[in-house]
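Before any comments, here is the structure.
Computed from a prediction, not measured in an experiment: that's the story for all the values here.
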Amino acid sequence: MKGAGGTQGGMGQFFMGLAMMCGGFYLLFNAIQVSSSFGLGYGLYRVNAFGQGMSITTGMVMLPFIIGIVMVFFDAKSKLAWLLSLGSLTALIVGVISSIQFHFKSMSAFELIVILVLAFGGLGLFLRSLKDAPTSDTQVK
């Protein structure tokens with residue numbers, strides 16, 4: 001009978017590793033707080049023009065997006081309209097992603113070690129179950 005992944009690996013290792021990995025990664029992702037400072041006044045990009053620094057905000061990126069959308073609905077074959085719409089939409093997506101901040105919740109070193117052992121020990125056990133288990137014929141004496 002074939003085991004996990006169609007190999008001779010252990011089914012017990014597979015399910016034990018899967019359970020450890022799921023529990024560990026759940027606890028790890030549960031300990032991460034995600035926040036964002038994105039808003040219409042948020043400075044996306046900083047441009048230095050003529051020796052003066054100027055910040056391009058998300059509100060400024062919305063203007064070409066709105067103009068591009070109007071132009072797309074007026075003439076859908078216009079390359080400039082699609083360039084304005086897709087370019088400003090890309091700039092907004094990059095701005096949102098770049099404004100995301102990740103923080104760990106406060107935890108003890110023991111809790112962190114338990115989480116990491118569960119997550120990555122389970123991953124190792126899970127991956128080990130997918131390879132062929134040595135039989136008594138192939139073991140080195």
Output yes when a side-chain donor or acceptor of Trp82 lies under 3.5 Å from a complementary backbone atom of Lys77, and no otherwise. no
Could you tell me the separation between the [atom1] atom of [X] and the [atom2] atom of [Y], rounded to the nearest 0.5 Å?
X      : Y      : atom1 : atom2 : value
Leu130 : Gln13  : CG    : CD    : 10.0 Å
Leu27  : Leu112 : CG    : CG    : 11.0 Å
Ile69  : Leu89  : CD1   : CG    : 8.0 Å

Can you confirm whether [X] sits close enough to [Y] that some side-chain heavy atom of one is under 4.5 Å from a side-chain heavy atom of the other?
X      : Y      : result
Met21  : Leu125 : no
Phe65  : Leu84  : no
Ile115 : Tyr26  : no

Please check if [X] and [Y] belong to a single hydrophobic cluster, counting links between Ile, Leu, Val, Met, Phe, Trp and Tyr side chain heavy atoms closer than 4.5 Å.
X      : Y      : value
Met62  : Ile97  : yes
Phe102 : Phe104 : yes
Ile66  : Leu86  : no
Ile100 : Phe29  : yes
Ile113 : Leu28  : no

Mind telling me whether Phe120 and Phe25 have parallel, tilted or perpendicular rings, with 30° and 60° as the class edges?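 Plane angle over 60°, so perpendicular.
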Give me the atom names and distance for the closest heavy-atom approach of Ser78 to Met71. OG-CE, 4.2 Å
Which heavy atom in Ser85 sits nearest to a heavy atom in Val72, and how many Å separate them?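 For Ser85 and Val72, the tightest heavy-atom pair comes out as OG-CG2, 3.7 Å.
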More than 12 heavy atoms of other residues, nucleotides or ligands under 6.0 Å from CE of Met16: yes or no? no
